[in-house]
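Notes for the one structure printed next.
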Amino acid sequence: MKVKVRYLGPIRVMLNKKEEGLDVPQKTTLLGLLERLAKVYGESFVKEVYEPKGKIREGIVVTINGTAVGQLGGLKRQLNEGDAITILPFFAGGG
Amino acid sequence: MVRHSFVSVDPDKCVGCRICEYVCSLEKDKVFNPVKSRIRTVRIYPNINASLTCRLCEDPACVIACPRKALEKSLETGTILIDEDKCNGCGWCIEACDFGSITLDPENKIVKICDLCDGEPKCVEWCPEEALELTNRDILAQKARLDAVKKLLKASLEGA
Amino acid sequence: MYAYTGKILHVNVSNGNVKTKTFDDEFAQTYIGGTGFGIKTLIDNQKPGIDAFDPENPLIYALGAVCGTMVPCAASKFGVFAKSPQSNMLGEAYSTGAWGAELRHAGYDIIVIKGKAKKPVYLWIDDESVQLMDASHIWGKSTLETEETIKKDLGDQYIRVSAIGQGGENLVRVACLINDYFRAAGRTGLGAVMGSKNLKAVAVRGSNDVKVASPSDLQELCRDLYERCKGPKTSKYRTLGTAANVLSMNSQACMPTRNFQSATFEGAEKVSGEYLNENYVVKIQGCTSCAMRCEHIATVPEGTFKGATARVEYEPTMAFGPYCGVDRLDAVIRAIELSNLYGVDAISTGIIIGFAMECFEKGIINEKDTGGLALNFGNAEAMTQMVEKIALRQDVGNIFAEGVKGASEKLGHGSEEFAMHIKGVEMTGYDVRGLKTAALGYAVSRRGADHQRHGAYGPDLGGQVDRFKAEKNRGPIVMANEDNYCIFDSMILCKFSRGIWKGYDEIAKLYTMVTGIPMKGKELQVAGERMSNLARLYNIREGLTRKGDTLPPRVMKLPIPEGVAKGSFVSQQDLDILLDGYYEARGWTNEGVPKPERLKALKLADYSNIIKKKRESKA
């Protein structure tokens, strides 16, 4: 099945890529997708996006079709055909 | 040939955080006080930053200027040694230094000059941007030479 | 005393009287510094109910506990406090740079300025020598010229200056204070309070030592903290900077766009942090003792605004970009530069101009009022010119200089319905219609519309809670965040560094290392709660009721029109659920009034007359 991954912030700069389409097996979980991306992009991707223990790193938000995955069962969430996954940073403004 | 090292700043890397001033005064006087620091940070609007300290001049103007012969260049390390009994805080050396690297202690009125912390300068150790470096004039010249050649080669490559 | 100087400088600019008072360890331990000192000093030194421009309204500077030390990102932070001319409640704003450290080296932790000078003056603090200097030659000058002129006049480039521009002089209600060229104590109109005193600046030079209780322990802790500052928790601030928020917020449909007519901006890519860094950033620099540096200095290389230079952050970019429908970063940079030079808060000024643009498009104001400007959304040139008109009170700028609330009251014609402020303070860069924990944080924020008193967008955007749902359990979340932020604002630690800290216990340990005063994590947490409650008491004293804890009309009536948050808004019922949950968590009455028992436990019993009066007036 086909999914779309969109990158924002430092990850976009790091990968020099705004978005990409991927063909993944049925029942792929979000963790499965991230592991696949980690294989492609290496250690720096793991460091920037998620901790190896299966947790998304603090300060990074992953959304599926706009909803934060914290509300969708986290990394175990199964992906569906046509899902749009966004990996983005968020932080505070000025004081 | 003796190559004396001193603390040099890369203004491209310096962000003007003044951590060098704080660690210097902490190391030497056990307090936080930039005016007691032997290295001082300059910021010029909007974005020029550099920290300056003693550059161990080969023929130091400060030593020549001192009317009481309180300053002397160490043959061993190249640093400027201060005879605290002779220094009366007149400030001729401060005026003579082209880099503003000499300061006057606001309390005991004796001048302060970088002594390189026995060869391991705290400012270099703590600079979070690695903008400070213990280096000597030969190494600096080497770097400048390399940069120049790279630039020249790049130009000739692009020309071809 | 270690770290603290224990000194409070009282200055009356009417007659030049200067008095130095002292405080003891108990005061320090109870109120910590920064926001704690500021709120306490304000409530104790201001006659209840006076106007913000009354000479008796004290303008207060307060330093944090770790000011003037090598603690990362904390050496130079300071807070400014007064009754706000925007909210008529607590005014508070924080700044960094190098000014704060200089004040501590000069020997003071708190300055209280009252009175009104007969002619323009500036305050010159040179260690123990404190004097008022003639400022007639710099009155009417920008913050930059003021800083440079004072340094030149006094003959010392290391003097630090906190000054107002023309905005403060003209009593523009969103006027701010600028120090060290780029740093602003921006929010709640404190520049106008300074201007109302005929005071142009506070210039400081200090030569005193700052001694800490355990220098070697502190150095070891700092070594670790500096390493953490270089790590992943702060990398976003160091690389792309806060402007990277533009695309994040936009993708989540919480980007305030065209005065909250939308929550997504089609031009976001062109005003993004990514675009900014690639095309405009010339240098990233830091404040005193900063081990991470975040100051993205941007310069426009070509075109109409060639040469414009500003420190660019997310909030002003949002305000002068999407909020005004402008997709040109060169104009955003110019508008921020003008805001700094004239000394008006770049966030509020952008929000006001977005509001003015909607007034223009709806025909409430026209080209005659604007002095010929076609003030449509997206008109970048007109936007930059409006900054000047507001700061100088020219044409319709005279009305908008009163802020969104004041201007809408003057303009009428239904403009109140799209006047985006809370308690008189303009909104900031989060569309809280689809961020309901943050909506609560904004509604109860003690300084009006604000993300920095609570950071409650965190759990919403992070997915820890359902951001579209109003639940009572958001109360304890907002309370915990507020009390935690009180401690950051009293130590004062940079909030950009908050990811590196391991909770109250570590901060308490740091506090003791620096001050020598015993402190436990739990006690710090209680101190945070104390500050939140004291601020509430102050606001109640100045007239706040439950009704004041509200959200702008558009947040409560107009659903987000598109994007992933489409259809979301905060109904009155939602707001009531959120407020009930918050008051309950705080142990306040359902009118939002603290109870005597809790006040006693928080060592605030001295202020129970405020809640007594409240009950009597109700009866």
Side-chain angles (χ1 to χ4, degrees), chain B residues 9-37 39-52 89 94-95 99-101 103-109 112 117 120 122-132, chain C residues 3 66-73 75-76 97-98 101-102 104-105 127 144 147-148 157-158 180-182 205-212 215-216 218-219 222-223 225-227 229-230 238 281-299 309-311 337 514:
Chain B
V9 65
D10 181 346
D12 288 340
K13 288 185 185 166
C14 180
V15 298
C17 71
R18 305 164 73 209
I19 285 171
C20 50
E21 295 182 347
Y22 273 145
V23 292
C24 181
S25 61
L26 185 68
E27 175 69 15
K28 298 294 177 196
D29 295 290
K30 304 290 166 235
V31 297
F32 294 111
N33 195 347
V35 299
K36 289 188 175 172
S37 171
I39 181 166
R40 291 306 307 267
T41 307
V42 177
R43 176 173 287 177
I44 299 170
Y45 176 85
N47 57 19
I48 294 170
N49 298 282
S51 290
L52 297 182
I94 296 174
E95 224 174 307
F99 306 100
S101 296
T103 51
L104 190 68
D105 189 301
E107 278 161 30
N108 68 12
K109 307 290 181 194
K112 291 168 171 294
C117 301
E120 287 177 0
K122 291 289 166 200
C123 53
V124 174
E125 180 190 331
W126 280 85
C127 175
E129 300 298 328
E130 293 170 20
L132 297 175
Chain C
V66 300
C67 188
T69 71
M70 67 190 295
V71 175
C73 324
S76 205
E102 203 69 25
R104 174 147 286 170
H105 290 298
D127 287 339
L144 178 64
E147 180 164 347
E148 304 227 295
Q157 288 302 308
Y158 283 82
D180 301 295
Y181 306 123
F182 290 116
R205 178 169 65 187
S207 69
N208 295 297
D209 297 338
V210 173
K211 289 189 185 118
V212 297
S216 23
L218 179 68
Q219 205 171 9
C222 284
R223 196 185 294 278
L225 292 169
Y226 280 30
E227 277 312 307
C229 275
K230 292 178 194 163
R238 286 180 282 123
V281 171
V282 290
K283 175 88 184 177
I284 306 174
Q285 55 192 22
C287 299
T288 296
S289 95
C290 178
M292 52 189 276
R293 92 269 191 288
C294 70
E295 246 179 37
H296 286 58
I297 307 297
T299 297
T309 296
R311 174 176 71 90
E337 178 182 60
V514 171

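FYI, side chains are in, hydrogens and waters are out, and symmetry mates aren't considered; it's all heavy atoms of this structure. Order of the sequence lines fixes the chain letters, A, B, ..., with proteins taken first and strands second; residue numbering starts at 1 for each chain.
Between R18(B) and S289(C), every side-chain heavy-atom pair lies at or beyond the 4.5 Å cut-off. Within the 4.5 Å cutoff, no side-chain heavy atoms of T288(C) are placed close to those of E21(B). Side-chain atoms of P46(B) and F182(C), non-hydrogen and from C-beta on, do get closer than 4.5 Å to each other.
Closest heavy-atom contact between F32(B) and G68(C): CB-O, 3.3 Å. Annotation for C290(C) and P128(B): closest pair O-CG, 4.1 Å, computed over non-hydrogen atoms.
Here the straight-line distance linking atom CD of E295(C) with atom SG of C17(B) works out to 11.5 Å at 0.5 Å rounding. One distance of note links CG of N49(B) with CD1 of I297(C); it measures 9.0 Å at 0.5 Å rounding. To the nearest 0.5 Å, atoms SG (C222(C)) and CD1 (I19(B)) are separated by 9.0 Å.
Heavy atoms closer than 4.5 Å to chain B are found in the backbone of N208(C), but not in its side chain. At a 4.5 Å heavy-atom cutoff, C73(C) makes no contact with chain B through either its backbone or its side chain. Contact of I284(C) with chain B is made through the backbone alone, with heavy-atom distances under 4.5 Å. Contact annotation for R223(C): both backbone and side-chain heavy atoms come within less than 4.5 Å of a heavy atom of chain B. Contact of C20(B) with chain C is not made at all, since no heavy-atom distance falls under 4.5 Å. For V35(B), the part lying under 4.5 angstrom from a heavy atom of chain C is the side chain only. Neither the backbone nor the side chain of S25(B) comes within less than 4.5 Å of any heavy atom in chain C. Interface residue Q219(C): backbone and side-chain heavy atoms are both found under 4.5 Å from chain B.
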Subject >> Verdict with reasoning, R43(B) to D180(C), per side-chain contact (heavy atoms from CB on, under 4.5 Å) >> reply: CA-CA 10 Å; R43(B) 176 173 287 177; D180(C) 301 295; 5.8 Å; no
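For N47(B) (side chain) and Q285(C) (main-chain N/O), no donor-acceptor pair under 3.5 Å exists by modelled atom type. A donor-acceptor pair under 3.5 Å links the side-chain atoms of K283(C) to the main chain of D12(B), judged by distance alone.
In this structure, R40(B) is positioned above the aromatic face of Y158(C), its NZ or CZ under 6.0 Å from the six-membered ring centre and within 45° of the axis.
Ring geometry, W126(B) versus Y226(C): the interplanar angle exceeds 60°, so the pair is classed perpendicular (tilted spans 30 to 60°).
For the options T309(C), L144(C), V282(C), heavy-atom pairs under 4.5 Å to chain B are most numerous at L144(C).
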